[in-house]
Amino acid sequence: MGLLEFSKLPVNPMVGADWKTFNQITEGRVIDDRFKNKYRLTKSVCRLLSSLKPLQDKKYEKLLADKPLEHDPVFILGHWRSGTTFMHNVFSCDKHFGYNTTYQTVFPHLMMWGQPFFKKNMSWLMPDKRPTDNMELAVDLPQEEEFALANMMPCTYYNFWFLPKHMMEYADKYLLFNDITDDELKTFEEVFTKLIKISLWNTKGTQFLSKNPPHTGRVKELVKMFPNAKFIYLMRNPYTVFESTRSFFTNTIQPLMLQNISNEELQANILEVYSKLYHKYEEDKKFIPEGNLVEVKFEDYELNAFDMTEDIYKKLSLPGFDEARSAIEAYVNKKKGYKKNKYQYKPETIELVEKHWSFALEQWDYKL
């Protein structure tokens, strides 16, 4: 157990942002009174640490900026709480994959310089399990890259964790890319490519493995950036996804936010974002070349992760399964005793899901 409890963090992850990004995210935004001390402390730490960013920039330009990617990435897609973390951990047992680490999500500008010192302190402070689902936490474990991107540029969906009053604005603009400007899209492309190169350098991989729910709404742009990228889309029982997402968002946002949002507002946003994300993916998956997409029910994958992983490798023509076989099998066997949260669906939950998400229930044939 780390020194700090997640629910009592004195700062939020923007401590690891560069100074320009911090100011772009918060400019013109109202910080509610009860969060002003956290905002000031986060801002002060950010100002101090961002002075080190030029050290990494210089090393990046020298070592990686002009180096092309050997392979287009593999993207694990799906709404939050759809089992993407488990699949990400399984596939990352294959050492040919590189990925964004938990440390990198907070300190993306302190990767190529100073990492041993800052990582040691982060490891000492952070909890060893995610508070919402008991999944393990550690500085070097694979993690979704949206938090890292949020500390590298202002045009990311995860700004909503800090400024939840603007959640739907961020969804339309940076989750679905509906209202994004050409300049912002160019920034996304450049910053995401930079993050991929640093991630591969850090983990010594040759192909980037992404697990990032927001990418589910960006398929068209990702295919434009990486024409031969591979995609794995996970669907999970919508009743479970609703209960789990509501619990996850409600608990996780508390130590991160700088604005108030009621549980009712957050629930309404969750219902709307799921619908928008689902339909955007369905609309844009046609841009994925034939043979580069596999769609999976998480319940099936969870029951037989090893065999289904081997099958996904074959369907997507991914290299490296034979070399990773023993590591994947060992991880899957270790997780067989993992105790997940169990959800008892209240009548109002059933009513909400069937009213707002009936399309998912019908398409994937989910029933109570």
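- Counted by atom type alone, S244 and R81 present one or more donor-acceptor pairs between their side chains at under 3.5 Å.
- Between E221 and K186, no side-chain nitrogen of the basic residue sits less than 4.0 Å from a carboxylate oxygen of the acidic one, so the salt-bridge criterion is not met.
- Residues D179 and Y174 bring no donor and acceptor atom of their side chains to less than 3.5 Å of each other.
- Between atom CG of residue L195 and atom CG of residue N100 there is a gap of 5.0 Å, rounded to the nearest 0.5 Å.
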Walk me through it: do Q259 and D32 pass the test side chain to side chain donor-acceptor pair (under 3.5 Å)?
CA-CA 5 Å; Q259 295 175 334; D32 290 340; 5.9 Å; no
Test salt bridge (charged side-chain N to carboxylate O under 4.0 Å, His left out) applied to D57 and K59, step by step:
CA-CA 6 Å; D57 289 345; K59 193 167 184 178; over 6 Å; no
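- Within 6.0 Å of CD in E27 there are 12 or fewer heavy atoms belonging to other residues, nucleotides or ligands.
- Taking the six-membered ring for Trp and the full ring otherwise, Y278 and Y281 have centroids separated by 6.0 Å or more.
- Distance alone, capped at 3.5 Å, is enough to place a donor-acceptor pair between the W357 side chain and the L271 backbone.
- Using a 3.5 Å distance cut-off with no hydrogens or angles, the side chains of Y99 and Q143 do not pair a donor with an acceptor.
- For the pair S247 and N251, the tightest heavy-atom approach, listed with the atom from each and the gap, is O-ND2, 2.9 Å.
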Side chain to side chain donor-acceptor pair (under 3.5 Å) between T105 and E145, intermediate numbers included
CA-CA 6 Å; T105 62; E145 60 263 24; over 6 Å; no
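- The main-chain N or O of I180 is never found under 3.5 Å from a side-chain atom of K173 such that the two would form a donor-acceptor pair.
- How far CG of N159 is from CZ of R29: 8.0 Å, rounded to the nearest 0.5 Å.
- Formation of a donor-acceptor pair under 3.5 Å by the T84 side chain with backbone atoms of I76 is not found in this model.
- Between A360 and P238 the shortest heavy-atom distance is CB-CG, 3.9 Å.
- Note that K194 lies in the cation-pi zone of Y60, set by a 6.0 Å cut-off to the ring centre and a 45° limit from the axis.
- Taking NZ of K297 as the start and CE of M308 as the end, the distance is 11.0 Å to the nearest 0.5 Å.
- The pair K314-D311 does not count as a salt bridge, with every side-chain nitrogen at least 4.0 angstrom from each carboxylate oxygen.
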Yes or no on ring pair (Phe, Tyr, Trp, His ring centres under 6.0 Å) for H71 and F208, after CA distance, side-chain angles and deciding distance?
CA-CA 8 Å; H71 306 282; F208 186 67; over 10 Å; no
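- A cation-pi arrangement is absent between K119 and F107 under the rule of less than 6.0 angstrom and at most 45 degrees off the ring axis.
- For F91 and Y313, the distance between ring centers is under 6.0 angstrom.
- Side-chain atoms of Y103 and D140 form no donor-acceptor pair, as typed in the model, at a separation below 3.5 Å.
- Judged by distance alone, the side chain of T42 and the main-chain N or O of N12 form a donor-acceptor pair under 3.5 Å.
- Not a single donor-acceptor pair under 3.5 Å links the side chain of S358 to the backbone N or O of K355.
- Taking 4.5 Å as the limit, every side-chain heavy atom of H96 sits out of range of all side-chain heavy atoms of E323.
- Ring pair H356/F242: centre-to-centre distance not below 6.0 Å.
- I270 CD1 to N263 CG: the interatomic distance, rounded to the nearest 0.5 Å, is 9.0 Å.
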Could you please spell out the steps behind the ring pair (Phe, Tyr, Trp, His ring centres under 6.0 Å) verdict for Y239 and Y345?
CA-CA 7 Å; Y239 298 106; Y345 308 127; 5.7 Å; yes
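- For N151 against H109, the heavy-atom pair with the smallest separation is O-NE2, 2.9 Å.
- Ring pair W80/Y274: centre-to-centre distance not below 6.0 Å.
- Of the possible polar contacts, one joining the K38 side chain to the P255 backbone as a donor-acceptor pair under 3.5 Å is found.
- Side-chain contact, E272 with S275: no donor N or O sits under 3.5 Å from an acceptor N or O.
- Here CD1 of I232 is found 13.0 Å from NZ of K211. Values are rounded to the nearest 0.5 Å.
- A donor atom on one side chain and an acceptor atom on the other are found under 3.5 Å apart for T181 and E184.
- In K346, the NZ atom is not crowded: 12 or fewer heavy atoms of neighbouring residues, nucleotides or ligands sit closer than 6.0 Å.
- The aromatic ring centroids of F192 and F188 lie less than 6.0 Å from each other.
- The CG atom of L277 sits 9.5 Å away from atom CZ of R218, with the distance rounded to the nearest 0.5 Å.
- Residues H79 and T216 are not in side-chain contact: their nearest non-hydrogen atoms beyond the backbone lie 4.5 Å or more apart.
- The residues K285 and E295 are annotated as salt-bridged, a charged nitrogen and a carboxylate oxygen being separated by less than 4.0 angstrom.
- For the residue pair A148 and P108, the shortest heavy atom distance occurs at O-CG, 3.7 Å.
- For F298 and Y233, the distance between ring centers is not under 6.0 angstrom.
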Under the side chain to side chain donor-acceptor pair (under 3.5 Å) criterion, do H215 and E146 qualify, and how do the steps go?
CA-CA 9 Å; H215 285 334; E146 194 75 5; 4.9 Å; no
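- Using modelled atom types and a 3.5 Å distance limit, the side chains of Y158 and E144 yield a donor-acceptor pair.
- With 3.5 Å as the limit, one finds no donor-acceptor pair spanning the side chains of Q104 and Q115.
- Between M14 and C46 the shortest side-chain heavy-atom distance does not fall below 4.5 Å.
- With no hydrogens or angles considered, a side-chain donor-acceptor pair links T309 and Y301 at under 3.5 Å.
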Where do F177 and Y157 land on the ring pair (Phe, Tyr, Trp, His ring centres under 6.0 Å) test, with the steps shown first?
CA-CA 10 Å; F177 283 179; Y157 177 55; over 10 Å; no
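- Pairing each heavy atom of I25 with each of L163, the nearest pair is O-CD1, 3.5 Å.
- When only modelled atom types and interatomic distance are considered, R34 and N260 share a side-chain donor-acceptor pair under 3.5 Å.
- With hydrogens and angles disregarded, no donor-acceptor distance shorter than 3.5 Å links the side chain of N202 to the backbone of I198.
- Remark: E299 CD is packed, more than 12 non-hydrogen atoms of other residues, nucleotides or ligands lying under 6.0 Å away.
- Aromatic ring centres of F287 and F231: separated by at least 6.0 Å.
- A salt bridge links K224 to E189: one of the charged nitrogens lies within less than 4.0 Å of a carboxylate oxygen.
- Closest non-hydrogen pair, T21 versus P154, comes out as CG2-N, 4.0 Å.
- A donor-acceptor contact shorter than 3.5 Å is absent between the side chain of K204 and the backbone of W201.
- Between the side chain of E265 and the main chain of S262, a donor-acceptor pair closer than 3.5 Å is present.
- Contact check on E61 versus K58 returns no salt bridge, with no Lys/Arg side-chain nitrogen under 4.0 Å from an Asp/Glu carboxylate oxygen.
- Side-chain contact check for D72 versus Q207: every heavy-atom pair is 4.5 Å or farther apart.
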